[in-house]
Visitor: 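Here you go, one structure.
Below, chains carry the letters A, B, ... as their sequence lines are ordered, and counting in each starts from 1.
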Amino acid sequence: MSTSPRYRFAPSPTGFFHVGGARTALFNWALARSTGGTFVLRIEDTDEARNRPEWTQGIIDSLAWIGIAADDPHFEGPLFQSEYADAHLAAAQRLFEAGDAYYCEMTPDEIQTLAKAEGVTGYAGWSRDLGLGPGAGRVLRFRVPDGVTVVRDQVRGDVEFDNDTIEDFVLVRSNGTPVFLLANVVDDMTMGITNVVRAEEHLPNTPKQQMIWQALGHRPPVWAHVPVLVNDQRKKLSKRRDKVALEQYRDEGYLADAMVNYLMTLGWSPGEDEIQPWSMMEPAFRLEDVNLSPAFFDVKKLGAFNGEYIRMMSVDELVQGCDPWLPVDWDRSRFAAIAPHIQQRLVTLADAPGVVDFLFIAEPEIDEASWDKAFAPEYAVPLLRNLADAYETCDWDHATLKAVMETEMETFEIKLGKAQAGTRVAVTGRAVGPPLFEALEVMGRDESLRRIRQALATLGG
RNA sequence: GCCCCCAUCGUCUAGUGGCCUAGGACACCACCCUUUCAAGGUGGCGGCACGGGUUCGAAUCCCGUUGGGGGUGCCA
C-alpha cells in the first residue's frame, strides 16, 4: 500500500467545463504533483440526465488545455462512477446489515405532511425502528448517531456539526439506485483517496460523508473546502447568468497560461508578483494559505493577465497563436509583418483581426466621425495632396515615410500627431490603430496611394 | 425557518499581537513619454463592517451585532 497522497477531481459531465471546476482541478493538480502524489479523475456520471460520452472528452480536453495532462505520471483516470454501482450497493447492504441504515417507505409527500403536522422541518426518523426490510418503494436511510461530528478541514480548521441537526438521509433511492453521497464516499474509498479538495458548497455534506466512512470502518480522508467563485452580485457563478465555460474563454482568445495564473490567484496569492509561471506556483501552493471567503471572478482582471501573457510571447508565438482567429484568405506573411506592432494592443488573441483588418480588406469601412474630425482642419486636404505626390517616388519604408510626412507638415506648422490623422483615416478608415508608417510599409505603395487618392477624390480635392 | 462558512481599498490579495502612517495588483483619475491607440513610467484616489472585551500594545485573539455567502432533494 502506497503512502503517497491521492487527490481526486470528480466533475459530473454537464457539457461544458466550469471555471470554478478548473480552479479546483488546478489546486488538486498542484498538490498531487508537488507531493509526489496522484491526481485521480473520476467522472460522476450517475445522473441519467447528464451522461453523454462526448462530455467526458470535453473534460479531458479542457484539463489538458490548462496543463493537466492525462499522460502525466501523476494523472490517473478517467474512472467512471457508473462502473462502480455494484460497490455502492454492496456498501449499502453492509450498512443495512450492521444496523447503520434502515428501510423507510414514506414518500416525500407523506414526510412533508407529517413534518408539518408535528411542526418539524424534515424527516424525523419515523421509520427508524420499524425493522423494515428491502422492498419496492422503500428507500434506505442512514441512521445518524447521536453526538457531534467534527470535520477537520485543512482550509477552515475544525468544523463542528451537532448530529441532531442532520436528518437520517437517503442512501439508496426507492428505485434501487445509490445517491451521490454514498456513491461519492464509496468511490473515494475504493480508489484509495486520501485527500478531498473541493468547493465550499460541499461542506454541509461532509459530516454525512464522514459518518458513512466511519460506519464502513474506514478513516475519512483529509478534507479541504476552498471558497466558491462568485459573480459581481456575490452569488455563486451560475451557467445561466454568468460566463463560466472554460471552452468559451479559450475560444475568445484567452491564453491557457493566463487563465491558469489568474485562477490560481483567486483565493490564494503566489507571492510578491502575481504574474507567475505554473512551475513557480505548483511547488508554492499550500491549502493552509488559501483564503476563506468567496472570490469574484473578474473578467477584466483576467483580461489584464491575458495582455501580460500576450506581451510575453515571441512574435512567432503570437503569429501562431492568432492564426485560428484570422480569416483563412488573409495573407499570413503580411500578418506576420504587422504582428510585432499590435502585440501591446491586444487583450485577447481574438482582438487581432479587428486591429489589422484594413490591411486585408479591399474597402475598409470609413468611420464617419473620425473622417469628419481628421479633415476638418484647413491644412488637412492640402497636406494629404502634397503627401500623396511625395509618396509616389520616395523609398517605401516606415522611416522614410515618416521623414517625408515630417517634411510636408512643416508647411502647416503642425505636429506629427495631427499631421498623420488624415492619412490614417484615409488608409485605415479609423482614427486609431497600429503605428501608421509601419502599417503603410506593410500595405505597400500602390494600395496606400490608391486609398489616399480615393480619399482626396471624395474630399473634392 | 434551521445548519454551516465568511468579513482588509470598488475587485483580487499581503498581513498570523509591536516591522502598519495597512503593502501590491486590477479598475479609475492625473501627468510624463509618444506617430493615433496601446504599452511603459510617475503620482493620486481608495480599505481593516460595527460594538464590546483581552493586552503595555490589536487588522491580527475572544464575544456579540450587522452584513454577505453556501447548504438545506429519492441532483451531483
Visitor: Heavy-atom distance under 4.5 Å between the side chains of A/Val179 and A/Val172, does that happen here?
Guide: no

Visitor: Is there any protein nitrogen or oxygen under 3.5 Å from a nitrogen or oxygen in nucleotides 3-8 of chain B, and what are the pairs?
Guide:
| from | atom 1 | to | atom 2 | distance (Å) |
| --- | --- | --- | --- | --- |
| B/rC5 | O2' | A/Arg156 | NH1 | 2.3 |
| B/rC5 | O2' | A/Glu200 | OE2 | 3.3 |

Visitor: Can you tell me the distance, in whole Å, between the CD atom of A/Glu441 and the P atom of B/rU35?
Guide: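 In whole Å, B/rU35 P and A/Glu441 CD are 17 Å from each other.
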
Visitor: Measure all distances between protein nitrogen or oxygen atoms and nitrogen or oxygen atoms of nucleotides 44-49 of chain B, and list the pairs falling under 3.5 Å.
Guide:
none

Visitor: Parallel, tilted or perpendicular: which fits the ring planes of A/Trp223 and A/His225, with parallel below 30° and perpendicular above 60°?
Guide: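 Plane angle under 30°, so parallel.
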
Visitor: Classify the side-chain pair A/Asp168/A/Tyr102 by whether it contains a donor and acceptor separated by less than 3.5 Å.
Guide: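 Note: A/Asp168 and A/Tyr102 side chains meet the donor-acceptor criterion.
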
Visitor: Between B/rG69 atom C1' and A/Asn231 atom CG, what is the distance in whole Å?
Guide: 11 Å

Visitor: For nucleotides B/rA14 and B/rC9, find the distance between their C1' atoms and express it as a whole number of Å.
Guide: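 Looking at atom C1' only, B/rA14 and B/rC9 are 13 Å apart.
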
Visitor: Nearest-Å distance, CG (A/Leu182) to P (B/rA76)?
Guide: 11 Å

Visitor: What distance, rounded to whole Å, do you find between the two P atoms, one in B/rC5 and one in B/rC61?
Guide: 16 Å

Visitor: Once you round it to whole Å, what is the distance between P of B/rA76 and CG of A/Leu171?
Guide: 12 Å

Visitor: What residue among A/Thr177, A/Thr190, A/Asp187 forms side chain to side chain donor-acceptor pair (under 3.5 Å) with A/His88?
Guide: A/Asp187

Visitor: For the C1' atoms, the ones on B/rA25 and on B/rC45, what distance do you get once it is rounded to whole angstrom?
Guide: 16 Å

Visitor: Tabulate protein N/O versus nucleotide N/O from nucleotides 25-28 of chain B, keeping only pairs under 3.5 Å, one per line.
Guide:
| from | atom 1 | to | atom 2 | distance (Å) |
| --- | --- | --- | --- | --- |
| B/rA25 | O2' | A/Glu274 | OE2 | 2.0 |
| B/rA25 | N3 | A/Lys301 | NZ | 2.9 |

Visitor: Please give, in whole Å, the distance from B/rU36 C1' to A/Gln344 CD?
Guide: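 That distance rounds to 13 Å.
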
Visitor: Whole angstroms only, please: what is the CG-C1' distance between A/Asn184 and B/rC75?
Guide: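 The distance from CG of A/Asn184 to C1' of B/rC75 comes to 13 Å, rounded to the nearest Å.
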
Visitor: Please report the distance, rounded to the nearest Å, between NZ in A/Lys415 and C1' in B/rC33.
Guide: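 Going from NZ in A/Lys415 over to C1' in B/rC33 covers 12 Å.
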
